[in-house]
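Here the structure is laid out as structure tokens; the discussion comes afterwards.
Given the structure is predicted, the values throughout are model-derived calculations rather than measurements. Naming: A, B, ... by sequence-line order, numbering from 1 per chain.
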Amino acid sequence: MGFEIISYGFMQRALVSGIAIALMCSVVGLFLVLRRHSLFGDALAHSAFGGIAAGLFLGIYPMWTAFIVSILSALGLTKIRQRFQISGDATVAILLSSGLAMGVILISLAGGFTVNLFSFLFGSILLVSLENTILILGLAGSILIVILLLYKQFVYTTFNEEQAKVSGIQVEKVSYLLVVIAGITVVSSMQLVGILLTSSLIVIPNVTAMLFSRGFKQTTILSMSFAVFSAVIGILTSYSFNIAPGGMIVLISIIIFGVSLGLKSLRKNKFIRKPITARS
Amino acid sequence: MFMKLVEIENLSVNYDGILALEKVSFSVEEKDFLGIIGPNGAGKTTLFSCMLGLLNNYQGEIRFFGTNIRKSKQYLRQIGYVPQKPTFEKNFPATVAEVVRMGLRKNQKDNVIDNVLQKVWLHELSHRRIGDLSGGQQQRVFIAKALVSEPQILILDEPVTGIDLQSKDLFYQILRDLNQKDKITIIWSSHDLDAVAKLAGMVACLNRTLFFHGISEEFFHNENLLKMYSESSMQMHMHHHEN
């Protein structure tokens, strides 16, 4: 088979969409992981499930309703969290369960859907259409440009909110923008790995990159590389062995994480860390 | 006579019926080195929060460079702030240079970072991860970050809490140079009376209300004032224990 599979249209669309989603997830995910919001992606995906069910129930294109429901509920909960000082993990739990509950109720009201919900739960990247590929590319491009333009604001507010505020950054606005961007990223990535595995694309490449890198830029580049590698190899091998691509992509990213952990511990045992010698 | 950079008039802060600050008034002139002393819970951090625009629920007026801070936040561009203990995710992947870069203004070039790291004796560690540094070194990184935008005023909130003696001495030397050589106005809150006596030209003694503001020597040579300060500290200490 070799390189022949890359000549198929569906495979080209899957690879292009997969790479775009991987880049989006790794970059947005780094900010979420560092803000200790690793499971926020999971919660957004579950609320998107409610949105998908609403779309199917109302006869609207489900991806649009998923975008609207997940972004609005995430913004609402962020506001509630700030106003009533509810902890982050509790917010995640509320968002996650309310989305799922909404989805389950709508499905039972409709007496089950004819459309296969399985593809939303576990992804269907090999079936992605040209229109969707263009949409994903547009969204990924826009998100990466916004992050590049507001790079300092995003990094600074993630590093220390209070100091960012003192330096004149509008911290609340940056946080809301991040929530919107995370919502778009999660809903887009459902096509690649599905609702149930989305948060793994957001978390695993970043945690792996953080094992090796010292700086933020270095971490971002490494994380993007791990995510893209997992997506490409996952899609190709899943087709070759007829396995669900979503699971394969996540499995590869977990293998990279495991190997990295091994390398890291080997390096720790082999070398003694250089002491920091400047004036202390 | 130097220009008044900061003017605080009748500043009062009320947290759910408890007065944290009561009618505090003082001013800071250009090139001053003001040490704000007071026991735990005296309201030092509350005062700084108001001055930095982090707390807006106060009575009275705060002016920086002659402008009420409620009207404009432009003054923040001229302020460098070093918090008590900078909180950040321990394994945050940022190098020393990247942390300092966060303080850069839009039109500034990157080479300022090296200069400012040299000032705080950290240029050799610019590529280290911030979390790998000692507490004292981290605080110097935060001074560098506060200085990189070339502010007129540096505000430090008990910056040496939990730092070893050797690091403290180096830290104080850096502060002295910044004030004397670079002519930066410094507002610094501290528990360390000896250090304040050595470094600060002006002293403000705070314990919910301001009961002294003036020249440092005047405070440290006045036994009544020193006695009053230690008694109020003791009272505050006992009050904390009772609670």
Considering residues, nucleotides and ligands other than B/N56, do more than 12 of their heavy atoms fall under 6.0 Å from its CG? yes

Which bit of A/K152 is near chain B, if near means a heavy-atom gap under 4.5 Å: side chain, backbone, both or neither? side chain

I need the residue from B/E98, B/Q74, B/R105 with the largest number of non-hydrogen atom pairs under 4.5 Å to chain A. B/E98

Proximity breakdown for B/V96 and chain A, heavy-atom pairs closer than 4.5 Å: neither

B/E89 meets the salt bridge (Lys or Arg N to Asp or Glu O under 4.0 Å) criterion, sequence neighbours left out, with A/R36

Enumerate the ring-ring contact (aromatic ring centres under 6.0 Å, His included) contacts for residues 75-94 of chain B, please, sequence neighbours excluded, ordered by first and then second residue. A/F159-B/F88, A/F159-B/F92, A/F216-B/F92, B/F64-B/Y75

Residue among B/P83, B/P93, B/A146 with most heavy-atom pairs under 4.5 Å to chain A: B/P93

Identify which part of A/T220 has an atom lying under 4.5 Å from any heavy atom of chain B, answering side chain, backbone, both or neither. neither

Honestly, the part of B/L104 sitting under 4.5 Å from a heavy atom of chain A is backbone

Test side chain to side chain contact (heavy atoms under 4.5 Å, CB included) on A/I181 and A/F154 and set out the steps. CA-CA 12 Å; A/I181 285 176; A/F154 277 119; 4.0 Å; yes

Proximity breakdown for A/E162 and chain B, heavy-atom pairs closer than 4.5 Å: both

What part of B/F142 gets within 4.5 angstrom of chain A, counting heavy atoms only: side chain, backbone, both, or neither? side chain

Taking every non-hydrogen pair under 4.5 Å, which of A/K217, A/Q153, A/Q163, A/Q218 racks up the most with chain B? A/Q163

Looking at A/V166, A/T219, A/N160, which has the largest count of heavy-atom pairs under 4.5 Å with chain B? A/V166

Flag if over 12 foreign heavy atoms under 6.0 Å of CD, A/Q170: no

Taking atom types as modelled, find out whether A/T157 and A/R35 have a side-chain donor-acceptor pair closer than 3.5 angstrom. yes

Given the rule in the salt bridge (Lys or Arg N to Asp or Glu O under 4.0 Å) test, do B/R101 and B/D110 qualify, once you have shown the distances and angles that lead to the verdict? CA-CA 7 Å; B/R101 189 176 287 115; B/D110 268 15; 3.1 Å; yes

